J.: 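One structure follows; several queries about it will come next.
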Amino acid sequence: MIAKVIVDVPANQTDRLFDYAIPKEWEEMIEPGMRVVVPFGPRKIQGFVISVAEESEHAKLKEVSEVKDVTPILTKELLDLGFWLTEKTLCYAVSALQAMLPAAMKANVTKTIVLGNRVNDEAIWHRMVSSGGVKWDDFLSHFSHKELNRAIKNDELEVRYDVKEKTAPKTILSVSPALSKDELQVVRDKMGNRALKQQEIITHFIEQEGAVSYKELMDMLDTTRSTIKSLVSKEILREEEIELYRDPYKGREFMPSTALELTDLQEQAIRPILKSINEHHHETFLIHGVTGSGKTEIYLQSIHRVLEQGKEAIVLVPEISLTPQMVTRFKSRFGSEVAVLHSGLSRGEKYDEWRKIHRKEVKVVVGARSAVFAPFTNLGIIIIDEEHESSYKQEENPRYHARDVAIKRGEHYKCPVVLGSATPSLESYARATKGVYTLLELLDRVNKQAMPAVAIVDMREELRAGNRSMFSNDLYDKLKDRLEKKEQTVLFLNRRGYSTFVMCRDCGYVAECPHCDISLTYHKINGTMRCHYCGHEERFPSQCPECESEHIRFFGTGTQRVEEELTKILPEARVVRMDVDTTRRKGSHEKLLNQFGEGKADILLGTQMIAKGLDFPNVTLVGVLAGDAMLHIPDFRASEKTFQLLTQVSGRAGRHLLPGEVIVQSYTPEHYSIEMAADHDYQSFYHREMVTRKQFGYPPFYFLAMVNVSHEELTKTVDVTEKIAGYLKDQLSKQSVVLGPVASPIPRIKDRYRYQCMIKYKTEPNLTHYLKEIQKHFSKEISRGGLQISIDTQPYMMM
DNA sequence: AGCACGCCGACT
DNA sequence: GTCGGCGTGCTC
C-alpha cells in the first residue's frame, strides 16, 4: 500500500504529493489525515497523509518511518478545506494544513550526532559523543564541519533525526491500587499497629475508586512522598502518568446562567436562525444589532438549540475582545461544554483545549480567527461576532478570511452561519441587501435605554481659543464632573507610547528608523525612540543630529503621555492605562479590567483593546481623544474603520441605568464618518460610503487582489513589480484595472524596499492561474531568498 | 527548506 | 594537489 504525503517543507518545489510505501504492520492503520514521519533526501521530516492508494507511478519508494497519530488529526472535511484554502489563497498545501492545527503540533526536527558503525575510539570527539549522542549545534561548537563530514563518510558518526512535537501532553505522576479491595483489606489488617500512615492511604483506596496524584494524596491525608513510595515498592500501589489538561480557567467559578426572556425584536431575529437549524439547511445571516441590543443572547439561545440536536457550535470573537466577560457568559451558560482558544493562552493550553475538541469532550468553542478550524465533525452553527473586525483576516500565509472559511464549512454541514455586528462591513451589508445573506435587524437596545448623546469637539477651534492641551475644555469639565459624581470614564486613544514622532524645532529634522521609512516613536519609560515595525531602538538625542540645536522635541500624543497629562490636570483621578505595553504580561489584561470594574479607578485610558465588549455599569462618559486618527491612513477602508471605531467606543457608555455621554475630539469634525457615527446612523453612512466605493472602484463593487514585492535593492524591486503589472495588464480583460507599480505606503521595512501592484476586477475567472504563473516565474529568485512576493486575493492591509 | 554535488579560485 | 566558496537541482 502507498501513502500519498504532503511533506512539511513549505517551498514551491515540494508543494506536491510524495509517495511512500506503507510497511506491512501499518497497512491496516494508516489513514488520510494522520501525521507521519518520512525520509526525505538525507533527512527525516513530518508529513500529512492525504490519501492511501494501491500503487504508485514511482518505481522505488521509501517507507514511512513512523506514524504519529492513532486517529487522524484532520478529517476528510478539513483536508478538503485545506486544499480549497490552498487554491483560494495561493499558499502551499502544508501551510494550509498547518494553519488548521494548534502550533504545538508543528513538528520540531532535532539533529543529534551519534556513534556510527565503525568504532574509532582514538578520535577527539569520541568521549563527547559516546555517552548517547550530542546535539548538532553543541558538536559544531567544539569541532568543525570538516571533521564531522569526514567522520560521517567513514561511518564513524551518524546524524539522527528526531521529529518531535513542540509540546507534549502534560502528565502528573499518580498512584492507584495494584490489588483488589479485598486484598487491600487483608494487607492492611496484617500491618497491625505499625505503619499507621500507610494504613490510612490503603483505607483511602478501599473507600474510593481511581488514581490519585502524589500531590493530592499528600495534601489529603497529610502524609509524605516517601510513605506513598514505600507502598509502591511493596507493590500495593502502582505508579502511573495521568494526562492532565492545562486549564486556563482553573479555580474560577462560573455562576450558572439560564436563558433570558427575549424581547419581541430578539424573538423575531432568532426565528429564521432556529428555522435553519431545525430544517438542516445552510444559510448565512447578518444580524445588524446596535450596541446593547442583545446579540449575545441570540447567539446563546441558537447554540442551545444546536446542542439539543447533539451538534456542535463555533463562536468566533475578535482577539481583542476575547475578554473574560465574554468567556464568562459562555462558560456560565454551557459550563464544561466550552473550550476557549485565544492568543492569551500558552502553547500548551491551546493544545489541550484543541484536544478537548478533537476528543469530543466539548461541544462549543469560543475563540479567535483560527478557531474556525475547530475539528468538530457535526457542526450545527458558526457564529462570527463583530463580523466587521479586520482581525478575522489573517495577514500571513494562508491569507484567509475567517468569514469565507465559516461559510464554506457551513455549506458542508448544511448549518447556519451567523454574522453579527453593530457596524457591519460594507461587503456583508451589501450582500445582505442583495439577498445573498439574510438580514436580521435589531435596532433598539434591550432595556430601551437611549443611545448615548455624542458631542463632536472641533479641536481647531480649541487651538484658536488658546487651548493647546490634548483635552478640550468640554472634555475637561466633564471629566471633573464625573470625578465629583464618582462615576467612571473611558478615554480612548488609538496610539500607544508617548508621542508619534520626534522633531527638531529649528531645522525640521524628524527622527526616522535607519532600516524602515517611518518615523520613530518616543517611549518615555526608558527614554528611547523605537520603530514599531522592526523594533529598532535608540536613545533620545540631547541635540539635533542635523543642526546640533537643542530644541529637539516630541510631538503628537500617545497613551503614556495622556496618562502623565491626566495626573497633572486631575491629580485626584485614579487612572488605569491599558495598551500593549501594560498588558504584555499574562493575565494583566484581566487584572487591569477587574481593577476598573471594582471601582478602584476613575478613568480607564486605552487603545483599540478597550473599544469593544467592555460593559461597566458605572461608565457614563466616553472620551475619544483623536477621533480622526484613523481617517488619514492610506486605506480605502479608512472611513469605514473610523465609523466603526467611533460607534464601538460610544457603545461603552450608559449601558445600564445611568445615561451615557460621549465626546469625540477631532480636527476634521465635518467628515461624514464622524458626523454619522455621532448620529448613530449606520444607514446613511452605508449609502454615503457606497457612493465613494463605486466611484473609485473598490469593494463591494469590485474585487481586489494585491501583489507585494520586496527586495533589498530598489531597482530590482521596481523592475519585478513592473514586469508583474505588465504581465497582468496583458492577460486580464479590459474591464479590470491594474494599478502600479507604486511604492507601498511604507516604502522600506527592515532594509527592504517595498512596491505593490493592485488589481481591481469584476469577473476574472483565470486570475488565480495568472497569479500562480507569477509565483512560478519568480520562484527561483524567491527560493534563493533575495526576492519576496506576497499575493493577497482579499487584501485588508494596504500598508 | 535543507542538503549534496559540482565547478572554480586560493591556498599548502 | 586540497579546501572551501557558492550556484544548481533534487527530495517519493
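All of these numbers come straight from a predicted model, not from anything done at the bench. Quick note: numbers below take in every heavy atom, side chains included, and nothing from hydrogens, waters or symmetry partners.
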J.: Quick check for you: among B:dA1, C:dG9, C:dT11, whose closest atom lies nearest to any side-chain atom of A:K780?
T.: C:dG9
J.: Let me know the distance between CD of A:E781 and P of C:dT8, rounded to the nearest Å.
T.: 11 Å
J.: Assign A:E57 to base, sugar-phosphate, or nothing according to its heavy-atom contacts below 4.0 angstrom with the strands shown.
T.: nothing
J.: Measuring to OP1 and OP2 of B:dC3, would you say a side-chain N or O of A:Y161 lies under 4.0 angstrom away?
T.: yes
J.: Between C:dT11 atom P and A:H58 atom NE2, what is the distance in whole Å?
T.: 8 Å
J.: Between B:dA4 atom C1' and A:R150 atom CZ, what is the distance in whole Å?
T.: 18 Å
J.: Hey, does A:F40 reach any base, or is it just sugar-phosphate, or nothing, if we go heavy atoms under 4.0 Å?
T.: base
J.: Sorted by first residue and then second, give each salt bridge (charged side-chain N to carboxylate O under 4.0 Å, His left out) pair with at least one member in residues 97-114 of chain A; sequence neighbours left out.
T.: none
J.: Looking only at side-chain atoms of A:K111, point me to the closest of B:dC3, C:dT11, C:dC12.
T.: B:dC3
J.: In whole Å, I'd like the distance from the CG atom of A:N149 to the P atom of C:dG5.
T.: 12 Å
J.: From the list C:dC12, B:dC3, B:dA1, which nucleotide is the closest neighbour of the side chain of A:K62?
T.: C:dC12
J.: Give the rounded distance in Å between these two atoms: CD of A:E55 and P of C:dC12.
T.: 20 Å
J.: Quick one: A:N108 CG to B:dA1 P, roughly how many Å, whole number?
T.: 17 Å
J.: When you check the side-chain N and O atoms of A:Y755 and A:E722, is any donor under 3.5 Å from an acceptor?
T.: no
J.: Got a donor-acceptor pair under 3.5 Å from the side chain of A:R43 to the base of B:dA1?
T.: yes
J.: Within the stacking criterion (centroid distance below 5.5 Å, interplanar angle below 30°), does A:F18 stack on C:dC12?
T.: no
J.: Give a yes or no on whether a salt bridge exists between A:D80 and A:K76, defined as a side-chain N under 4.0 angstrom from a carboxylate O.
T.: yes
J.: Nearest to the side chain of A:L61, heavy atoms from C-beta on, is which of B:dA1, C:dG9, C:dC12?
T.: C:dC12
J.: Could you state the CD-P distance from A:Q46 to C:dT11, rounded to the nearest angstrom?
T.: 22 Å
J.: Between C:dC12 atom C1' and A:Q13 atom CD, what is the distance in whole Å?
T.: 15 Å
J.: Tell me whether the guanidinium CZ or amine NZ of A:R355 lies under 6.0 angstrom from the six-membered ring centre of A:Y245 and within 45° of its axis.
T.: no
J.: For A:T86, what residues pass the side chain to side chain donor-acceptor pair (under 3.5 Å) criterion, not counting sequence neighbours?
T.: none
